[in-house]
Amino acid sequence: MDNSLKSLIEDYLRESCQELKKVGIFSKHLPPVFVNRPKKKERGDLSTNLPFSLSQEVGKSTSRIGRLLTSYLEGKSLFSRVEFVPPGFINFFISSAYFNEVLKKIVTQKEKFTKFSYGGGRRIQVEFVSVNPTGPLHVGHGRATAFGDSLANILSKVGYEVEKEYYVNDIGGQIERLSRSVWARLQQLEGKEISFPEDGYQGEYLIDIAKEARIKMGDELSEAGKTEDELISLLGEFTVKEILRQIKTDLDEFGVRFDRWFFESSLNKEIPKVISFMKDRGYVYEKDGALWFKTSSFLPGKKDRVLRRRTGEYTYFASDIAYHAHKFGRGLDQVIDIWGADHIGYVPRMKAAVQALGYSKEALKIIIYQLVTLKRGEKRVSASTRAGKFIPLREVLEEVGKDAARFFFLSRTCDSHLDFDLELAKKQTPENPVFYVQYAHARVCSILKKAKGEGIKLKDLDEVRFDLLASPEEKELMKELALLPDEVKEAAENLEPHRLTTYLMGLAALFHQFYTRHRVISEDQGLTSARLFLIKAVKIALKDTLNLLGITAPQKM
RNA sequence: GCGCCUGUAGCUCAGGAGGAUAGAGCAGCGGUUUCCUAAACCGCGUGUCGCGGGUUCGAGUCCUGCCAGGCGCGCCA
């Protein structure tokens, strides 16, 4: 619905810049026009520093430009007041009429209030989690999971056609190690002496899987005529399937559902094709019996990378290139990969590969999230899947719940390290910010329920006296609501879901403040009606935003 | 050694296309409930925005050097 208040004002500002031409002030390049929220209320609902940037561009006085712009804007009914403030700010005070319109829009458009068309239906893929099927999801993966899922929701909200994908590395060295590890566990269960593979996965979950395997595939495993290697390979397949099943269960509990699970093994035939394509373009050569990708064509001074080993096996990099070729081959306009910080060194070569495939390096966006440090009080917990010393995501979900976990993961930028203190997460439960926000929603529901119980009928929108909502608390609430579409849009543009958790805290705080100072249901029918619509709008905004983050909005708590 | 990320209140962190007096949550202290949920509200305080230079009318934000922490630098995945 494109209900961006900031864009509306920015458009007015651009128009006004055209007006400036009439008095001989113009520039070829209009500087970027931005409207922001001032820190202080006295400075208006929104403000711009355009006079600064414009005066630099055209070489005229800041205050002259500011005053002229202000005079053009003053006539707009959107504003109750526009003021130029030296040295170069213009402050906008939004008219109550606009805020009243916003309430009507929210109540009628509901979750479509924050919908935008600017994605234009372009196809965008978010690939995330993609954890190797060698062990269960641990708490560190929770961050990527919450992030990717919310990002997908947000992008879809602003008009992209979004697809969520999980890439499964179901072949290769780590799967062999996994298979041998389960095999060893199985032998141990049989009471046989066998040395555990040195590079094996020691996690105890493999013992459970070995037990499962013994029950479910007993016959297959005891069949004569099969070599040990064949048996190990069969066992490996079973194990991967089982671990994937567990991962899916965990994701399900975390509220995440993927549109597609893409298996590395399905790329078998694609890899040679893709490599030969790149070879035709001059980016692949042979040396020392191996096949190399000319990373250096795109990254001067960097090492070239092996695609096919001397042994004839393809590297992980090769299948990753084939995978990305496959992605773009499906007609995606934009691909977003979400990787952990331990893959940082891999980014440049992947982007180089995308270019070698003939796509712009902008077509692939790689978001790196910093790793999660696990703590139990003072003690650091290592999060290595191989050693098996990880805290499963499932355990955290059981302790703090899906909503709190998601909120916690999403309240920080992915650029910053995340300290996840399990003790704190447990202890914090009642004071966790997520409850603050959810409580606001539950409170609204409770009032609406009471109103319904008292037989208060909601008036038609056109009859509601929104002008009665004149207290500071009500105005602040309306302003916050009016800016929600901009928040969603900015979260999408910057790929930063965490902006919405910040917004939610603010909106909930304003509601709680309003609640303690004003009664919604009162003798005054006109006021009651107006306030009921106000809180209804608050409810819609809270719920819609929580949904984007994958957090539930409870009716009561 | 090189690359990327981080360093903001006691703690965990927002604020990064430069802007007007730097914020929130938690923790601490004190107060608020005949009334729609006190999981709430109100009040009280602290910051050399890691350190040093630079660009600018203006820097937490941009550039640069340094310090500290994290991650990564394989014919592993």
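Nothing here was measured: the structure is a model prediction, and the numbers come from that model.
No side-chain heavy atom of Val82(A) sits under 4.5 Å from any side-chain heavy atom of Asn91(A).
Distances were taken from every side-chain heavy atom of Arg309(A) (C-beta onward) to each of G15(B), C75(B), C36(B); the shortest belongs to C75(B). Of the candidates A77(B), G58(B), C71(B), the closest approach to any side-chain atom of Leu371(A) belongs to C71(B). Closest to the side chain of Phe435(A), from the set G25(B), A39(B), G19(B), is A39(B). Closest to the Arg443(A) side chain, of the nucleotides A40(B), A24(B), G58(B), is A40(B). Of all nucleotides listed (C13(B), A38(B), A20(B)), C13(B) comes nearest to the side chain of Asp419(A). Proximity note for Thr516(A) (side chain, C-beta onward) versus A20(B), A14(B), C41(B): the nearest is C41(B). Nearest to the side-chain atoms of Arg412(A) among the listed nucleotides A40(B), A39(B), C13(B) stands C13(B). For Ile344(A), whose side chain is taken as the heavy atoms from C-beta onward, the closest listed nucleotide among C71(B), C75(B), A39(B) is C71(B). Of the listed nucleotides (C41(B), G58(B), A77(B)), A77(B) has the atom at the smallest distance from the side chain of Asn169(A).
Rounded to whole Å, atom P of C36(B) lies 6 Å from atom NZ of Lys450(A). Distance CG (Leu504(A)) to P (G25(B)): 14 Å, rounded to an integer number of Å.
Note on Asp288(A): a base of the nucleic acid sits closer than 4.0 angstrom, heavy atoms only. Contact annotation for Lys303(A): backbone-only contact, meaning every heavy-atom pair under 4.0 Å involves sugar-phosphate atoms and none involves a base. In this structure, Glu493(A) reaches neither bases nor backbone, as no heavy-atom distance under 4.0 Å exists between it and the strands shown. Counting non-hydrogen atoms under 4.0 angstrom, His343(A) reaches a base of the nucleic acid. Heavy atoms of Arg517(A) sit under 4.0 angstrom from primed sugar atoms or phosphate atoms, though from no base atom. Counting any heavy atom pair closer than 4.0 Å across all strands shown, Arg305(A) reaches sugar-phosphate atoms only and no base atom. Residue Phe52(A) is classed as a base contact, given a heavy-atom separation below 4.0 Å to a base. Looking at heavy-atom distances under 4.0 Å, Asn494(A) makes no contact with the nucleic acid at all. Using a 4.0 Å heavy-atom distance criterion, His518(A) is classed as a base contact.
Under the Watson-Crick or G-U wobble criterion, with both distances below 3.5 Å, C76(B) has no partner in any strand shown. Pairing partner, A20(B): none, since no Watson-Crick or wobble contact has both distances short of 3.5 Å. Across all strands shown, the partner of C4(B) is G70(B), judged by Watson-Crick or G-U wobble contacts whose two distances both fall under 3.5 Å. In this structure U34(B) sits in no base pair that meets the Watson-Crick or G-U test at under 3.5 Å. Summarising the base pairing, G25(B) is matched to C11(B) through a Watson-Crick or G-U wobble pair whose two defining distances lie under 3.5 Å. A59(B) is unpaired under the criterion used here, namely a Watson-Crick or G-U wobble arrangement in which both key atom distances are under 3.5 Å. C51(B): Watson-Crick or G-U partner is G65(B), with both key distances under 3.5 Å.
Residue-nucleotide stacking is present for Phe89(A) and A20(B), judged by a side-chain ring centre under 5.5 Å from the six-membered base ring centre and planes under 30° apart. We find that the ring of Tyr436(A) and the base of G25(B) do not stack by the test of centres under 5.5 angstrom and planes tilted less than 30°.
For a distance-only test at 3.5 Å, the side chain of His417(A) qualifies as a donor-acceptor partner of the base of G69(B). Looking at Thr501(A), its side chain has no donor and acceptor atom pair within 3.5 Å of the base of A14(B).
In the model, Glu473(A) has a side-chain atom that pairs as donor or acceptor with a side-chain atom of His518(A) under 3.5 Å.
The same atom, P, is picked in C75(B) and in C62(B); the two are 35 Å apart, to the nearest Å. Taking atom P in both A27(B) and C42(B), the straight-line distance is 16 Å, to the nearest Å. Taking the C1' atom of each, C13(B) and C5(B) are spaced 16 Å apart, rounded to whole Å. Look at the C1' atom in both A68(B) and G52(B): the space between them is 15 Å, to the nearest Å. Comparing G54(B) with G43(B), their C1' atoms sit 44 Å apart, to the nearest whole Å. Between the C1' atoms of C36(B) and C41(B), the separation comes to 15 Å (whole Å). Nucleotides U6(B) and U12(B) are separated by 14 Å at their C1' atoms, to the nearest Å. Nucleotides G25(B) and U8(B), compared at atom C1', are 15 Å apart to the nearest Å.
Annotation: cation-pi geometry not satisfied between Arg519(A) and Tyr515(A) (NZ/CZ under 6.0 angstrom from ring centroid, within 45° of ring axis). The side-chain tip of Arg349(A) does not point at the ring of Phe293(A) from less than 6.0 angstrom away and within 45° of straight on.
OP1 or OP2 of A38(B) has at least one side-chain nitrogen or oxygen of Tyr515(A) nearer than 4.0 Å. Distances shorter than 4.0 Å separate none of the side-chain N or O atoms of His512(A) from OP1 or OP2 on C42(B). Regarding contacts with the backbone of A20(B), a side-chain N or O of Lys39(A) is found under 4.0 angstrom from either OP1 or OP2. A close approach under 4.0 Å does not occur between any side-chain nitrogen or oxygen of Gln174(A) and OP1 or OP2 of C76(B). Here Ser416(A) reaches the OP1 or OP2 of A14(B): one of its side-chain N or O atoms lies under 4.0 Å away.
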* Could you walk me through whether Phe511(A) and His441(A) pass ring pair (Phe, Tyr, Trp, His ring centres under 6.0 Å), step by step? => CA-CA 9 Å; Phe511(A) 172 74; His441(A) 183 265; 9.9 Å; no
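Using a 4.0 Å cut-off between charged nitrogen and carboxylate oxygen, Asp320(A) and Lys327(A) do not count as a salt-bridge pair. Salt-bridge annotation for Arg180(A) and Asp199(A): present, with a side-chain N of the basic residue lying under 4.0 Å from a carboxylate O of the acidic one. Look at Arg499(A) and Glu487(A) and you find no salt bridge, because none of the NZ, NE, NH1 or NH2 atoms lies under 4.0 Å from a carboxylate O.
Nearer the 5' end of RNA chain B, as judged by each residue's closest nucleotide, is the contact made by Asp342(A), out of Asp342(A) and Thr311(A). Nearer to the 5' terminus of RNA chain B, by closest-nucleotide assignment, is the contact made by Arg519(A) (compared with the other of Arg519(A) and Ile171(A)).
For the salt bridge (Lys or Arg N to Asp or Glu O under 4.0 Å) criterion with Arg37(A), the lone passing option out of Glu490(A), Glu476(A), Glu480(A) is Glu480(A).
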